[in-house]
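Shown next, in structure tokens, is the structure this report addresses.
The sequence lines fix the lettering, A, B, ..., with proteins before strands; numbering per chain opens at 1.
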Amino acid sequence: GNSVTQMEGPVTLSEEAFLTINCTYTATGYPSLFWYVQYPGEGLQLLLKATKADDKGSNKGFEATYRKETTSFHLEKGSVQVSDSAVYFCALSDNYTGANSKLTFGKGITLSVRP
Amino acid sequence: DGGITQSPKYLFRKEGQNVTLSCEQNLNHDAMYWYRQDPGQGLRLIYYSQIVNDFQKGDIAEGYSVSREKKESFPLTVTSAQKNPTAFYLCASSTGQGTQYFGPGTRLLVL
């Protein structure tokens, strides 16, 4: 079956540091890949997505590239801010034709950014 | 404003009681989903519905029930058969292109 593996957390960084959060996946076919962010006490918000190999998703300074050869979708940001403190989830969609896709989530990783 | 609403924000359940969590969307999405989130774990799918009057079990459906009588609404009932219901419950909807949009969540606590 499909699975998503995220690096162990939590992660604590100083403001303006470089961020990398690793995500690898196992899936049949050609899934779409997502990063969601969850702020304390809230639901999940879509951060970015990529639907095919070599696509780069980007939003709010965050980027991730769909790497089929390494089955990875690592999240990066060049300079984090205190407001980026949240839980980050990597997910994949099974993309079956004609069906509304189900998402498979990683366990999430908590990012804390110090001033 | 289009979006997904969940109510209540907090819900308390007594032993042996059934409780119902509300989820409403005005995005005109066909598909809706219920997830359970526990600390340190990812989201686990409880039930999903691709169209009105149809729904399927997800990975952890035991102790839960749903209905989909209207496109806009997908209520989740946590029954007394669910022995460990304390969790954060998230509802989502989708157009079918893979991207799901989430509500703000309901936190269920057992008295």
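The number of heavy atoms from other shown groups lying within 6.0 Å of NZ (Lys68(A)) is above 12. Within 6.0 Å of CZ on Phe18(A) lie more than 12 heavy atoms contributed by other residues, nucleotides or ligands. Annotation for Glu69(A): atom CD counts as buried by contact number, over 12 foreign heavy atoms lying within 6.0 Å.
Phe34(A) is connected to Tyr48(B) through a chain of hydrophobic side-chain contacts under 4.5 Å among Ile, Leu, Val, Met, Phe, Trp and Tyr, so both are in one cluster. Met7(A) and Val80(A) fall within a single hydrophobic cluster, where Ile, Leu, Val, Met, Phe, Trp and Tyr are joined by side-chain heavy atoms under 4.5 Å apart, directly or via other members. With hydrophobic clusters built from ILVMFWY side chains whose heavy atoms lie under 4.5 angstrom apart, Leu45(B) does not share a cluster with Tyr25(A).
With rounding to the nearest 0.5 Å, the separation of CD in Gln100(B) from NZ in Lys49(A) is 11.5 Å. Tyr35(B) contributes atom OH, which lies 5.0 Å from atom CZ of Phe105(A) (distance to the nearest 0.5 angstrom).
Residues Phe88(B) and Glu42(A) approach most closely at CE2-O, 3.5 Å, considering heavy atoms.
At a 4.5 Å heavy-atom cutoff, the contact between Gln38(A) and chain B is made by side-chain atoms alone. With a threshold of 4.5 angstrom between heavy atoms, Gln37(B) approaches chain A through side-chain atoms but not through N, CA, C or O. Both the backbone and the side chain of Leu43(B) come within contact range of chain A, each with at least one heavy atom under 4.5 Å from a heavy atom of that chain. Contacts of Leu103(A) with chain B are made by both backbone and side-chain atoms, with heavy-atom separations under 4.5 Å.
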